[in-house]
Amino acid sequence: MDLDAVTKHSTLHAKPNGLILQYGTAGFRANAEHLDHIMYRMGLLAVLRSKQTKSTIGVMVTASHNPEEDNGVKLIDPLGEMLAPSWEEHATCLANAEEQDLQRVLVGISESEAVDLQQDAFVVIGRDTRPSSEKFSQSVIDGVTVLGSQFHDYGLLTTPQLHYMVYCRNTSGQYGKATTEGYYQKLSKAFVALTKQVSCSGDEYRSLKVDCANGIGALKLKEMQHYFSQGLSVQLYNDGTKGKLNHLCGADFVKSHQKPPEGMEMKPNERCCSFDGDADRIVYYYRNEDGQFHLIDGDKIATLISSFLKELLLEIGENLNIGVVQTAYANGSSTRYLEEVMKVPVYCTKTGVKHLHHKAQEFDIGVYFEANGHGTALFSKAVEMKIKQLAKELEGDKGKAAKMLENVIDLFNQVADRRVISTTDAERQVVTPPGLQEMISDLVKKYKLSRAFVRPSGTEDVIRVYAEADSQENADSLAHEVSLAVFQLAGGIGERPTPSFC
Ligand SMILES: CC(=O)N[C@H]1[C@@H](OP(=O)(O)O)O[C@H](CO)[C@@H](O)[C@@H]1O
Ligand SMILES: [Mg+2]
């Protein structure tokens, strides 16, 4: 490690004095003005992680659903998963080291993780469409090259695409070809085959309106659409030619406002969906004949996928264990439906894909979704092999079901990707400040079928308040009361929360 070179280049990416940032729910996120040093340092860290794992590591420059002025960065581990928790801590230490401590912290990480500094390293980089992203990916590259590592800059990419590239490279292409073309081919082939297998009457021409949040999803879907045009025709909205990223559109907007994005006209029963800024979330929606808006969020997607998988497994007569993983944000009715009607075990983890993914890996088939539309289905290697075998051997309806499952496996991209308030029980109970949980529990008792919890966001400087109750009005009112309790006990600043705030 040429530590003098590290320090010399670091002066070009100087850390604002005293700035403390944390590797949160999905990497670092902040206003882009404060992030250049983080990018450089994450380039350095990616090299150490690559040397330690003797694998390719990914670095994605994005702030997902956050406003256009923000940016962020997350590291992708060898099998396409989120960065291991112990390395998240290293990331935070490295990000917060003052210039004079940088060398010491880098050496400390290498020593504590027994990194072989002679080992070759390889880092792949992707970025979203934010104005600051291109310059930031150059800062990442600066960190990568100063430690003598090789790299490949994929340029503009969605987050799931970069996860895929990392996984492909570390399995010598067994998972697929590590190019955007390889990604489009693999997923589209499985999708088109599956649509043929499940075709039902009146469905011969499927179409979908896609709100791309004015982000990277638009560019990549434009490239991809002709690969699957036999199975689906898509119309793109909010494709970035006019509007601002994530502004009045995108999955987060649609989910939290329960209404369509700006710029998309919806006729009754038209199928619509929204991505977020880095296209790793999707929510579906439609209007019924009476014009009522219906959202198919992550909770419903998880229910549909697990029912579909259960049906197929029943058909082929395989008794595999399926589990569904949710977070505290899952609507209580969806949990009840899965457990009581579908008889599928449901587990609750902390917010953030990394937690859900980890839990889902414990099952033969693990389906996980955050209510906001992040998620996938994971098949254990043994199950994947078995299904591939059955698809060859079985005939008739059983054979058809096994072939469908085989395509489902290929279709899911199975790679993973405020502090006064602390929580426990998968974030459903507040521990500090004292007294807050009691207040929330008392408020919840006032409403029927109600739940409420609060937690510090890991991507924005806010406390998130969640509430559900038997009617919209009651849920709003409970949310307001809980936010007042938070404001009072957690030292809220600025204006007191008003009902419209919820
Ligand atoms: C309630 C909510 O939607 N939280 C989101 C949000 O995290 P916060 O820690 O709540 O800011 O961004 C994460 C990354 O996109 C996503 O995984 C998570 O589900
Ligand atoms: Mg995202």
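Remember, it's 1-based here, ligands and their atoms both numbered in the order they're listed.
At a threshold of 4.0 Å, the pair Glu339-Arg336 does not count as salt-bridged, since none of the basic side-chain nitrogens sits closer than that to a carboxylate oxygen. The residues Glu88 and Lys354 are annotated as salt-bridged, a charged nitrogen and a carboxylate oxygen being separated by less than 4.0 angstrom. Looking at Lys74 and Asp278, a side-chain N of the basic residue comes within less than 4.0 Å of a carboxylate O on the acidic one, giving a salt bridge. Here Asp252 pairs with Arg281 in a salt bridge; the nearest charged N to carboxylate O distance falls below 4.0 Å. Asp77 has a carboxylate O that lies under 4.0 Å from a charged side-chain N of Arg49, or vice versa, which qualifies the two as a salt bridge. Using a cutoff of 4.0 Å between basic side-chain nitrogens and carboxylate oxygens, Arg455 and Glu427 are scored as salt-bridged. With salt bridges taken as basic N to acidic carboxylate O contacts below 4.0 Å, one links Asp239 and Lys222. Between Glu69 and Lys244 there is a salt bridge, since a side-chain N of the basic residue sits under 4.0 Å from a carboxylate O of the acidic one. Look at Arg428 and Asp425 and you find a salt bridge, because one of the NZ, NE, NH1 or NH2 atoms lies within 4.0 Å of a carboxylate O, short of that distance.
Between Thr351 and ligand 1, no N or O atom pair is found at a separation short of 3.5 Å. For ligand 1, the polar-atom distance check against Asn372 finds a nitrogen or oxygen pair separated by under 3.5 Å. Polar contact with ligand 1: present for Arg455 (N/O pair, distance under 3.5 Å).
For ligand 1, the atoms sitting less than 4.0 Å from at least one non-hydrogen atom of Arg29 are 14 (C), 15 (O), numbered in the order shown with element in parentheses. Listed by atom number, the atoms of ligand 1 under 4.0 Å from Ala26 heavy atoms are 14 (C). For ligand 1, the atoms sitting less than 4.0 Å from at least one non-hydrogen atom of His65 are 6 (C), 12 (O), 15 (O), numbered in the order shown with element in parentheses. Every atom of ligand 1 with a heavy atom of His374 under 4.0 Å away is listed here by number and element: 14 (C), 15 (O), 16 (C), 17 (O). With ligand atoms numbered from 1 in the order given, ligand 1 contributes 17 (O) to contacts under 4.0 Å with heavy atoms of Gly352.
No part of Glu427 comes within 4.0 Å of ligand 1, judged by heavy-atom distances. Looking at Ser457 against ligand 1, both its backbone and its side chain come within 4.0 Å, counting heavy atoms. When heavy-atom distances to ligand 1 are checked against a 4.0 Å cut-off, Tyr329 comes that close only through its side chain, counted from C-beta outward.
Atom OD1 is the N, O or S atom of Asp280 at the shortest distance from the Mg ion (ligand 2). Asp276 contributes OD2 as its N, O or S atom closest to the Mg ion (ligand 2). Of all N/O/S atoms in Asp278, OD1 sits nearest the Mg ion (ligand 2).
Closest to atom 17 (O) of ligand 1 among all protein heavy atoms lies Glu370 OE1, 2.7 Å. Protein heavy atom in closest approach to atom 10 (O) of ligand 1: Arg464 NE, 2.5 Å.
Contact between Pro261 and Ser274 at its shortest, heavy atoms only, is CG-OG, 4.3 Å.
The shortest separation from a heavy atom of Lys255 to ligand 1 is not under 4.0 Å, leaving the residue out of contact.
Seen from the ring of Tyr175, Lys186 counts as a face-on cation partner, given the 6.0 Å and 45° thresholds.
Contact annotation: Ser64 places an N, O or S atom under 2.8 Å from the Mg ion (ligand 2).
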